Amino acid sequence: MKVSTKVTDMSLSPTLTVAVTFLFLSWLGKTIFSHYNDIPGPVIARYTKFYRVFLWLSGKAPQRYFALHDKYGPVVRTGPNHVSLSDSKQISVIYDAKQRFLKSDFYHVFRPLYRGKPLDTLLSMKDLQQSRQMLEVVKRHMTNNIKAHAWAMETTFATILKRLKSSDVVHLDLSMWIWYWNFDVTHLIMCGQALGYLAQGEDLNRTITNFKSIVEHAATLGQVPEYCKVSLANERVMTILRRFKSFPDPTHAMLQHFETLIHSHDCRDHEGPTSLICGVLETYQCKENADAHDMAINLLVETFFAASTETASSLTAIFYAILTNHETYQRLVEIIRCNEGKDMEKQMRDPYLNAVIKESVRLYSSNSVPLERITPKEGFEANGYRIPGGTNVTIPQYVVHRDHAVFGEHVDRLVPERWLNADHKALLRMDQTLLVFGHGSRACSGRELGLYEIRFFLVSLLREFDVEFVRKDPFPKIRMHWINEFDNFEVQIVPRMDR
Ligand code: HEM
């Protein structure tokens with residue numbers, strides 16, 4: 001027995017040794033003779049993509065990218081085949097209209113697991129034609145005629161007004177209430193009924209809290225998307241995790257919600273003139289066909305999250321910007337109150353209001369995630385460096401939004417006037433560099449709807465109330481994982497004094 005064991009050990013170890021040595025040498029060879037070696041960056045980034053995981057875990061990834069560009073220049077190697085660019089001239093190259101640079105696998109974290117397989121969503125889809133067909137439905141039934149949704153904004157905002165008028169001074173978490181409003185208004189626009197967050201005044205089933213928590217982790221996982229297969233995109237793993245009550249899985253809950261709605265929704269009997277769900281039911285005839293059903297679910301869930309969470313996050317960031325900058329807040333409030341007699345559309349077109357919005361999202365854009373793309377097989381040239389085909393390239397919003405050459409002085413400060421005083425050419429360049437809604441063929445299709453909701457909320461609240469942070473010293477801190485998260489957004493809201 002003893003002899004035979006020894007023989008087996010002896011015969012296995014050389015094979016194993018040769019295999020490990022071979023793997024090690026081929027990895028070393030690839031690393032030493034890599035086409036990326038002349039691109040500057042931290043040494044560790046050459047060897048492992050976990051360097052990017054480390055960047056994201058900090059909650060300060062955008063600032064870290066900024067520091068990397070400050071140190072290494074406009075082209076930085078951030079992983080074995082990952083490159084970050086900070087020159088705004090590259091924006092139209094990477095995010096070109098013909099989509100030569102496809103979306104990276106980072107977007108796999110957006111694919112919800114449905115009936116055991118991940119759904120390729122509007123955000124993750126690489127096929128431009130397929131995404132255009134789906135977007136057509138969203139445009140036709142939701143984003144083309146924005147003014148038709150004003151009733152939904154008024155109806156839902158009335159619930160907030162009722163709550164604010166219930167006493168002289170109201171203390172609340174404004175960020176949370178903005179999220180309630182966006183969940184309710186988006187669902188009302190899409191399906192003709194609000195979800196009830198505002199009416200209940202609470203985070204129903206902790207969906208919003210869970211959503212924020214899961215995206216925080218998803219952004220980090222997206223840096224090593226191959227691990228999706230053994231986590232978010234694995235039915236067995238997810239079934240086990242869902243057994244733990246504390247495990248956040250808001251997408252699963254929303255999939256079930258929309259599944260029920262698809263079967264029960266009656267297009268002849270709901271509030272409002274238009275609704276996305278009726279358009280989806282008509283387009284996909286999904287009550288009978290399983291594939292069409294999956295497309296319909298996919299479109300509804302993705303649009304719901306894209307529309308509600310992005311707008312809520314941006315609106316929170318705008319309040320953060322103005323509540324931490326007293327002069328801007330004062331001027332904005334004066335202008336909104338001076339415009340009070342005009343109709344709402346005119347009030348929302350006010351140049352200062354729109355400058356404040358742009359400037360706030362420039363500083364605190366809702367996605368701190370870089371919008372990653374893969375270079376086409378012929379590669380391309382960027383700022384004197386040859387970037388090979390198949391490279392994961394990105395232009396971080398946080399970095400280009402702080403480019404002095406584009407935005408002028410004091411790029412770290414809130415200066416809405418920069419948008420009002422710039423000449424035509426400078427303004428065009430600033431607009432083209434603002435990546436808040438993405439750029440090119442895959443830019444946000446709900447941009448105008450999102451902006452309309454933001455303007456509506458700002459005007460409606462500040463016209464009637466004074467708002468200030470309860471905690472001012474220090475102001476709440478921001479964590480940038482994916483969407484910005486604030487550690488405490490408690491504000492005091494009082495009816496304006498001059499009434
Ligand atoms: C202020 C609010 C919003 C912000 C900041 C925002 C931001 C973005 C960004 C940055 C992208 C591009 C992602 C990329 O290139 O990888 C995107 C895509 C998208 N957004 Fe928005 N969004 C907002 C509101 C909305 C609304 C209201 C809708 C409603 C329908 C919407 C629907 C979409 C869709 C469908 C896409 C995917 C487009 C495609 O890939 O072709 N968004 N959004």
Side-chain angles (χ1 to χ4, degrees), residues 91 94-97 99 101-111 120-146 149 152-153 178-179 181-183 185-190 219 222 274-276 279-280 298-318 354 357-358 360-362 364-374 392-398 400-401 434-458 482-484:
I91 291 177
I94 309 287
Y95 308 108
D96 68 335
Q99 214 196 335
F101 291 67
L102 293 179
K103 286 196 165 191
S104 77
D105 288 350
F106 166 82
Y107 292 87
H108 284 187
V109 294
F110 290 103
R111 302 195 303 183
D120 203 8
T121 68
L122 267 173
L123 222 54
S124 63
M125 224 166 249
K126 292 184 183 165
D127 182 337
L128 191 56
Q129 214 179 342
Q130 200 187 356
S131 74
R132 281 205 174 133
Q133 277 169 3
M134 286 175 88
L135 276 178
E136 230 6 84
V137 183
V138 180
K139 281 187 191 158
R140 205 164 347 118
H141 299 282
M142 187 167 174
T143 54
N144 272 359
N145 189 5
I146 294 162
H149 305 309
M153 294 170 217
I178 286 173
W179 279 74
W181 184 67
N182 275 108
F183 266 46
V185 83
T186 306
H187 200 271
L188 187 55
I189 291 172
M190 285 176 59
T274 55
S275 109
L276 179 64
V280 168
N298 184 348
L299 207 148
L300 290 169
V301 172
E302 188 57 26
T303 308
F304 175 76
F305 279 121
S308 57
T309 63
E310 289 288 341
T311 313
S313 172
S314 303
L315 194 47
T316 305
I318 294 163
N354 286 288
I357 293 173
K358 275 190 187 174
S360 306
V361 291
R362 177 187 72 79
Y364 311 110
S365 51
S366 85
N367 301 88
S368 36
V369 158
L371 309 173
E372 293 179 356
R373 298 293 187 268
I374 301 296
N392 181 319
V393 277
T394 184
I395 302 185
Q397 303 187 5
Y398 187 95
V400 284
H401 288 180
L434 199 66
L435 277 184
V436 177
F437 295 94
H439 187 95
S441 52
R442 300 303 292 272
C444 177
S445 50
R447 176 194 160 111
E448 291 312 316
L449 177 59
L451 282 171
Y452 194 98
E453 290 177 352
I454 287 171
R455 294 180 192 118
F456 176 90
F457 193 98
L458 279 167
W482 178 326
I483 43 179
N484 297 329

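Owing to the predicted nature of the structure, the values given are computational and were not obtained by experimental measurement. Indexing begins at 1, ligand by ligand and atom by atom, following the structure's order.
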Colleague: For atom 37 (C) of ligand 1, what is the nearest protein heavy atom, given as residue, atom name and distance?
Modeller: L123 CD1, 3.5 Å
Colleague: Verify side chain to side chain contact (heavy atoms under 4.5 Å, CB included) between F106 and T394, making sure each step is shown before the conclusion.
Modeller: CA-CA 11 Å; F106 166 82; T394 184; over 6 Å; no
Colleague: Pull out every atom of ligand 1 sitting under 4.0 Å from any heavy atom of T143, numbered as shown with elements.
Modeller: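 Taking each heavy atom of T143 in turn, ligand 1 has 30 (C) under 4.0 Å.
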Colleague: Any idea which protein heavy atom is nearest atom 29 (C) of ligand 1, and the distance to it?
Modeller: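 Heavy-atom neighbour on the protein nearest atom 29 (C) of ligand 1: A307 CB, 3.4 Å.
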Colleague: Indicate, as side chain, backbone, both or neither, the part of L122 found under 4.0 angstrom from ligand 1 when only non-hydrogen atoms are considered.
Modeller: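 Both backbone and side chain.
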Colleague: Give the single entry among M134, Q99, E310 that approaches atom 3 (C) of ligand 1 most closely by any heavy atom.
Modeller: E310
Colleague: Out of S365, G450, C444, indicate the one that has the non-hydrogen atom closest to atom 25 (C) of ligand 1.
Modeller: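 Looking at heavy atoms only, the winner is C444.
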Colleague: Determine, for D105 against R111, whether the closest basic-nitrogen to carboxylate-oxygen distance falls under 4.0 angstrom.
Modeller: no
Colleague: K103 heavy atoms, cut-off 4.0 Å: which ligand 1 atoms fall inside?
Modeller: 14 (C), 16 (O), 40 (O)
Colleague: Give the residue and atom name of whichever protein heavy atom lies nearest to atom 7 (C) of ligand 1, and the separation in Å to one decimal.
Modeller: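 For atom 7 (C) of ligand 1, the nearest protein heavy atom is V436 O, 3.5 Å.
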Colleague: Look at atom 28 (C) of ligand 1 and say which protein heavy atom is nearest, naming residue and atom and giving the distance to 0.1 Å.
Modeller: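 For this ligand atom, the closest protein heavy atom is G446 CA, 3.4 Å.
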Colleague: Side chain of Q397, backbone of L435: donor and acceptor closer than 3.5 Å?
Modeller: yes
Colleague: What atoms of ligand 1 come within less than 4.0 Å of a heavy atom belonging to T303?
Modeller: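 In order of number, 30 (C).
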Colleague: With atom 15 (O) of ligand 1 as the reference point, say which of M190, H439, Q397, R373 has the nearest heavy atom.
Modeller: R373
Colleague: Suppose I only count heavy atoms of I454 and a 4.0 Å limit; which atoms of ligand 1 are within that range?
Modeller: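 Matching atoms, with element in brackets: 1 (C).
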Colleague: Taking the non-hydrogen atoms of S445, is any one of them nearer than 4.0 angstrom to ligand 1?
Modeller: yes
Colleague: Mind checking whether F456 and W181 have parallel, tilted or perpendicular rings, split at 30° and 60°?
Modeller: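 Aromatic pair F456/W181 classed parallel.
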Colleague: Have Q99 and S441 got a donor and an acceptor in their side chains that come within less than 3.5 Å?
Modeller: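 No.
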Colleague: H187 versus F304: any side-chain heavy-atom pair under 4.5 Å?
Modeller: yes
Colleague: For ligand 1, which atoms sit closer than 4.0 Å to a heavy atom of G438?
Modeller: 10 (C)
Colleague: Starting from atom 13 (C) of ligand 1, find the nearest protein heavy-atom neighbour and note its residue, name and distance.
Modeller: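 For atom 13 (C) of ligand 1, the nearest protein heavy atom comes out as L371 CD2, 4.0 Å.
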Colleague: Do the ring planes of W179 and F183 sit parallel (below 30°), tilted (30 to 60°) or perpendicular (above 60°)?
Modeller: tilted
Colleague: Note the single closest protein heavy atom to atom 1 (C) of ligand 1, along with its residue, its atom name and the distance in Å.
Modeller: S314 OG, 3.3 Å
Colleague: Side chains of K126 and D120: does their closest heavy-atom pair fall under 4.5 Å?
Modeller: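 No, side chains not in contact.
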Colleague: Sort out for me which residue in M134, R132, K103 forms a side-chain contact (heavy atoms from CB on, under 4.5 Å) with M125.
Modeller: M134
Colleague: Apply side chain to side chain contact (heavy atoms under 4.5 Å, CB included) to residues L458 and I357 and explain how you reach the verdict.
Modeller: CA-CA 10 Å; L458 279 167; I357 293 173; 3.9 Å; yes
Colleague: Would you say that L123 contacts E302 through its side chain, given a criterion of any heavy-atom pair below 4.5 Å between the two side chains?
Modeller: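 In contact.
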Colleague: Which atoms of ligand 1 are found less than 4.0 Å from any heavy atom of L135?
Modeller: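 Numbered from 1, ligand 1 contributes 35 (C), 41 (O).
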Colleague: Please state which protein non-hydrogen atom is closest to atom 40 (O) of ligand 1 and give its distance, to 0.1 Å?
Modeller: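 Going atom by atom, the protein heavy atom closest to atom 40 (O) of ligand 1 ends up being R442 NE, 2.9 Å.
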Colleague: With heavy atoms of Y107 as the reference, note each atom of ligand 1 found under 4.0 Å away.
Modeller: 14 (C), 15 (O), 16 (O)
